[in-house]
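Report on one structure; see the data block that follows.
Just so you know, these numbers use all the heavy atoms, side chains as well, and skip hydrogens, waters and symmetry mates.
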Amino acid sequence: AMERMLTAFWDDDRQQVQVRRPTGQVFRFSARQAVAGGHEVFGVQTDGNDVLVLTGAAGSRRPTWKARYTQTGTYRGTSAL
């Protein structure tokens, strides 16, 4: 049986994180703190019930920061990778 878990991805067209809960409920939020200062989103990961948005300076080759959000989009802070 497939484990029902939280999934999330970055919608580049909308510039939003899209989160899907195990119930099928979908949330979208802008993650504007993560992309402040011209940062680019490299990817999104889930960590338990939280969502991590991995960012770096525009044009860099790999992410250098992770911004943590709740699944409904409450910002929890940014830390270095």
Side-chain angles (χ1 to χ4, degrees):
M2 214 178 102
E3 192 181 349
R4 291 160 66 79
M5 56 191 290
L6 194 71
T7 57
F9 72 92
W10 178 249
D11 184 332
D12 207 47
D13 292 335
R14 286 195 170 104
Q15 294 286 296
Q16 289 181 328
V17 175
Q18 181 172 309
V19 179
R20 182 181 294 272
R21 294 171 83 169
T23 59
Q25 197 174 12
V26 173
F27 295 102
R28 288 189 180 88
F29 58 89
S30 68
R32 65 184 178 280
Q33 298 92 343
V35 294
H39 276 197
E40 263 174 36
V41 173
F42 283 76
V44 176
Q45 295 175 350
T46 56
D47 179 20
N49 287 321
D50 285 353
V51 175
L52 306 178
V53 181
L54 309 180
T55 71
S60 58
R61 288 160 78 174
R62 59 181 63 88
T64 49
W65 301 97
K66 62 179 180 197
R68 183 178 292 271
Y69 292 86
T70 67
Q71 57 190 343
T72 53
T74 302
Y75 179 59
R76 293 276 196 223
T78 299
S79 53
L81 281 175

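- For Val19 against Val17, the heavy-atom pair with the smallest separation is CG2-CG1, 3.8 Å.
- Counting all heavy atoms, side chain and backbone alike, Gln33 lies closest to Tyr69 at OE1-OH, 2.9 Å.
- Partners of Thr78 under the side chain to side chain contact (heavy atoms under 4.5 Å, CB included) rule, at least two apart in sequence or in another chain, are Trp65, Ala67, Tyr75.
- Contact between Phe9 and Val44 at its shortest, heavy atoms only, is C-CG2, 4.0 Å.
- Here the straight-line distance linking atom OG1 of Thr72 with atom CZ of Arg21 works out to 7.5 Å at 0.5 Å rounding.
- Heavy-atom minimum distance, Leu6 versus Val51: CD2-CG2, 4.4 Å.
- The heavy-atom pair separating Gln16 from Ser30 by the smallest distance is CG-CA, 4.2 Å.
- The only option from Gln71, Arg68, Arg76 that meets the side chain to side chain donor-acceptor pair (under 3.5 Å) definition with Asp50 turns out to be Arg68.
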Could you walk me through whether Trp10 and Gln18 pass the side chain to side chain contact (heavy atoms under 4.5 Å, CB included) check? CA-CA 6 Å; Trp10 178 249; Gln18 181 172 309; over 6 Å; no
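- In the hydrophobic clustering of this structure, Leu52 does not group with Phe27; members are Ile, Leu, Val, Met, Phe, Trp, Tyr whose side-chain heavy atoms approach within less than 4.5 Å, directly or through other members.
- Minimum heavy-atom separation, Thr64 to Gly56: OG1-CA, 3.7 Å.
- Checked against side chain to side chain contact (heavy atoms under 4.5 Å, CB included), Ser60 has the following partners two or more places apart in sequence or in another chain: Phe42, Ala57.
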